[in-house]
Amino acid sequence: MNETTRYILFMNMEMTRKRGEMYRSIRSWLDERGYLEVFTPSLSTHLIPEHSIANFSTRYLSEFRPSKELYLIPSPEVFMKQIIREYQHSIYQISTCFRNNEQIGDHHNPEFTMLEYYTVGADDEDSIAITEELLRETSLPGTGEHALPPFRRMSVAEACKRYAGVDLMKTQRVGELRQAALKLGLTLPPSPETWEETFHRIFLTFVEPNLPQDKPLVLTDYPSQIDTLAKKVPGNPFRRRWEMYISGVEIANCYDEELEGNTVRAFYEKEYAILCEQRGKDGTVIPDIDYSFAELFDGHFPQTSGVAMGLDRLLMVQTGATSLRDLILFRVSDMMKYYY
Amino acid sequence: MIKAGQIEKGTALLIKGQPFICVEREFVNPGKGSAFVRLKLKSPSTGQVLRETMKTQDNAEEITVEDVDLQYLYNDGENFHMMHTDTYEQIEVPMSSFPDYQFFMKDGETYRVKTWDHQVLEIVIPPKVLFEVAEAEEAVKGDTVTGATKNVITETGLSVRVPIFIKQGEKILVSTETKEYLERVNK
């Protein structure tokens, strides 16, 4: 073991102890409320197509049959929703997830720990209350006020108005939003881009860096143009999805889960088309997908709200660390630096 | 042209006809969106700071800069006076373009400078600089609290918070990024 590795190990052992404490509290809190803990694979033959998430692949070898490409899961959602459909029960899981092609840094690591909890019978609004209660009851001793409930709430539209002066209701067309972005002084590529891309330019430049950080912030009602498996809000251009920020870092993402099989299928087709086009160009992994996933939503999938929470980041904000570096043992970037 | 994803700290770019230097770069992947890079760019001529968020696949116009070595002579409160070490040609660089650099550059020392079209885009300052303590308050007697600090002034006029044991005439290593005391150097 070299000196640097030994040093990082030494420094991070206290964090490891705290991580264990945090996981134990979260598990017992969810167990007491009747959630069933489930354990699903890290390797899968197919994934839910999401063009914004790059994947890792590996290969299953056998002497008796052709080899098969397998994927490391970016989220256990693909399995957990099958369990919910069959058992109609609230479930949770703490699992290792993998995302490729993100810069390894203070807030990103290709391998990370996700807590996903799905509450049957609940919607996204209920999930805010549940998450507030979860953090109130399970946060580590010494957690600062900035990471403790009560949460602040703001809609994405409100935040855009306040921090960028952009009225999302009046900029629903690509051209209108483009004008707004140009007025803000943003440089846009000459070629047309999607509403979602221009939105993210505005959001990441003017909104996200200015979000209040004195308390956890729940940002609600994401634009429906950002395609996800969250239900649309009838009558307006938003989705029943929220994200929670602590100290300006995204910690959790919640949906009121889409229940319509046709909508899920359409999402699959659209995302897969974008993904194939993009990755055909840059040569990254194109995962196999399974359209039969849409069949789970046959009218018997219960009303459910799911929350995915990054536990490495949660540990970071609860302990006041500023980087994942301070809490991960054997970071892959540290291991890789001898190879570059 | 380069892809925005390849821009690094120190990369010089031409934006709307003006040269800018990237001073900060951060990759951001919004939960459900494309990959972006958040840039903080500075115009060396006007000091203007530009915050840009670009998709990693966007094209950016990189400019090829020329590296020259310039000796720092002095400043007159408005300009840094610097001299080409090979031609002895003297140039003036507006101090407003490089705020606080007067505290980091030492008279007579040579610095690597990036230029483009006769404009100075960047003066490369080492991340850690050794300074002599020019003025130091006497530590208050009896103040033995661990971690107690005081202010000292370096020969360049930089005010630094240091541990109380640092005396006038001693050499200290300071981070030019944070202006924080790093260590005492006994030589």
Side-chain angles (χ1 to χ4, degrees), chain A residues 50-54 99-108 181 184-191 193-194 196-209 219 222-223 225-230 239 241-245 248-255 271 274 278 281-282 308 310, chain B residues 1-43 45-63 127 147 175 177-178 180 182-183:
Chain A
E50 285 192 87
H51 78 271
S52 59
I53 297 175
R99 296 189 182 183
N100 212 340
N101 205 15
E102 289 177 347
Q103 186 192 27
I104 302 176
D106 291 343
H107 305 149
H108 289 98
L184 285 165
L186 289 177
T187 316
L188 300 179
S191 53
E193 57 178 11
T194 62
E196 173 261 317
E197 288 167 326
T198 312
F199 165 79
H200 273 119
R201 285 180 200 275
I202 297 172
F203 183 79
L204 294 172
T205 313
F206 300 100
V207 183
E208 201 191 69
L219 209 53
Y222 271 69
Q225 290 91 337
I226 304 173
D227 223 347
T228 57
L229 289 174
R239 284 181 193 276
R241 166 184 167 208
W242 55 257
E243 290 235 12
M244 181 177 67
Y245 282 83
V249 183
E250 280 175 68
I251 301 286
N253 180 53
C254 169
Y255 295 166
E271 278 296 302
I274 302 173
Q278 229 176 44
K281 279 187 219 154
D282 63 22
Chain B
M1 285 289 179
I2 58 168
K3 295 277 176 213
Q6 296 169 306
I7 296 171
E8 290 176 42
K9 206 170 156 178
T11 304
L13 301 170
L14 200 63
I15 291 174
K16 292 167 188 155
Q18 289 291 315
F20 281 87
I21 293 277
C22 170
V23 287
E24 273 175 38
R25 178 210 63 178
E26 181 199 4
F27 280 90
V28 270
N29 295 72
K32 304 286 167 192
S34 333
F36 286 84
V37 56
R38 207 181 255 154
L39 303 171
K40 186 174 165 190
L41 304 156
K42 215 179 92 173
S43 155
S45 51
T46 62
Q48 184 200 351
V49 172
L50 203 63
R51 287 178 193 280
E52 286 272 347
T53 308
M54 303 177 83
K55 280 182 66 182
T56 52
Q57 292 305 314
D58 283 352
N59 286 316
E61 199 171 339
E62 190 186 15
I63 50 183
S175 156
E177 209 162 301
T178 60
E180 277 168 7
L182 297 170
E183 60 180 344

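Here is the naming used below: chain letters follow the sequence lines, and residue numbers restart at 1 for every chain.
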- Would A:E271 and A:H51 count as having a side-chain donor-acceptor pair, cut-off 3.5 Å? yes
- Item | Proximity breakdown for A:T187 and chain B, heavy-atom pairs closer than 4.5 Å | both
- What part of B:D58 is in contact with chain A, defined as an atom under 4.5 angstrom from a non-hydrogen atom: side chain, backbone, both or neither? side chain
- Query: Are the side chain of B:R25 and the backbone N or O of B:K9 linked by a donor-acceptor pair below 3.5 Å?
  - Reply: no
- Item | Selection from A:E243, A:Q278, A:E208 maximising heavy-atom pairs under 4.5 Å formed with chain B | A:E208
- Contact part of A:I226 toward chain B, heavy-atom cut-off under 4.5 Å: side chain, backbone, both or neither? side chain
- Using a cut-off of under 4.5 Å on heavy-atom pairs, state which of B:E52, B:K16, B:E26, B:R51 scores highest against chain A. B:E52
- Short side-chain to backbone donor-acceptor contact, B:Q6 and B:K3, under 3.5 Å: yes
- Contacting moiety of A:E197, where chain B heavy atoms sit under 4.5 Å: both
- Query: Is NZ or CZ of A:R241 both nearer than 6.0 Å to the six-membered ring centre of A:Y255 and within 45° of the ring axis?
  - Reply: no
- Message: Can a side-chain donor-acceptor contact be found between A:T198 and A:E193 if the only test is distance below 3.5 angstrom?
- Response: yes
- Task: Give the member of A:T205, A:D106, A:T228 that has the highest number of heavy-atom pairs under 4.5 Å with chain B.
- Result: A:T205
- Looking only at heavy atoms, which two atoms of B:F27 and A:H108 are closest? And how far apart? O-CE1, 4.5 Å
